[in-house]
Amino acid sequence: MAGRKRIAVLVSGSGSNLQAVIDAVCGGQLDVEIALVAADRARVPALRRAEAAGIPTMCLVPTAAQWRLPEARARYDAMLADRVAEVGPDLVVLAGWMRILSPVFLDRFGGRVINLHPALPGRFAGRRAVERAYEAARAGEIDRTGVMVHWVVREVDAGPTIVSEEVPIDDTETLETLIERVHRVEHRLLVEAIRRALAEPPKQPFCRPPVVRFRQR
Ligand code: GRF
């Protein structure tokens, strides 16, 4: 009988989404082994949540250069990929991971990396997505935002959608209520996305450079 699928979860902060995954595993709604939780910041609550659940953790804090310089960033990504690869994950899950990963990392896992983005596909890429959606709603530009989980490609918060859901914004909404509602949807959607991503992994990596074919003369 095949063993349980293994996932590695990458986190940077509070880890409420990680907790949703842990709870789904413990409650029997998600049949995976969380083989590793990796963070890019020391002492974040997400690491404590993992430790409390008995999940192996590791933390690799980037140096100042590894935030800024492309070559140093690539070195960080290679080190991180080495550590994550050690646990042999079937899927890498970015759950509130606040660092852009280069192809050095992505190619290592053959495209089997998914990301949670607190907005609808194609909207509010990058940081503060909920805040920017809220401002757009206040300006009368939109009346809904949402949550998506997608396969990671080189472009930030883009890539084929695995699952997404709209979150309507009404006139009585405050930023706090919107953040809370988005989080609630995230927690449910991330679990569903992990299930689907493991059931239907990409047939070929999304992140490899295109193969250039030369025409024969
Ligand atoms: C989530 O809203 C996620 O979409 C965003 O960062 C937040 C992380 O929350 N990228 P948490 O650490 O899982 O509580």
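Counting starts at 1 for both ligands and their atoms, in listed order.
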Worksheet item: Should you measure from each heavy atom of His183, which atoms of ligand 1 turn up under 4.0 Å away?
Response: 1 (C), 2 (O), 9 (O)
Worksheet item: What atoms in ligand 1 come closer than 4.0 Å to a heavy atom of Gly96?
Response: 6 (O), 8 (C), 10 (N)
Discussion item. Hydrogens and angles aside, do His183 and Glu186 bring a side-chain donor and acceptor to less than 3.5 Å of each other?
Written reply: yes
Worksheet item: Would you say ligand 1 has an N or O under 3.5 Å from any N or O of Asn17?
Response: yes
Item to complete: Would you please name every residue forming a ring pair (Phe, Tyr, Trp, His ring centres under 6.0 Å) with Tyr76, sequence neighbours left out?
Response: none
Worksheet item: What's the spacing between Ile7 CD1 and Ile55 CD1 if we round to 0.5 Å?
Response: 8.5 Å
Practice prompt. Please list, chain by chain and in numerical order, all residues satisfying ring pair (Phe, Tyr, Trp, His ring centres under 6.0 Å) with Tyr134, sequence neighbours excluded.
Written response: none
Worksheet entry | Check: Val152 and Leu106 side chains under 4.5 Å, non-hydrogen atoms | yes
Fill in: Test of proximity, Gly15 against ligand 1: N or O pairs below 3.5 Å
yes
Fill in: Atoms of ligand 1, numbered as shown, that sit under 4.0 Å from any heavy atom of Pro118
4 (O)
Discussion item. Using side-chain heavy atoms (C-beta onward) and a distance below 4.5 Å, is Leu94 in contact with Leu101?
Written reply: yes
Discussion item. Closer than 4.0 Å to some heavy atom of Ser14 - which atoms of ligand 1 meet that?
Written reply: 11 (P), 12 (O), 14 (O)
Fill in: Distance from atom 3 (C) of ligand 1 to nearest protein heavy atom, with residue and atom
Glu186 OE2, 3.2 Å
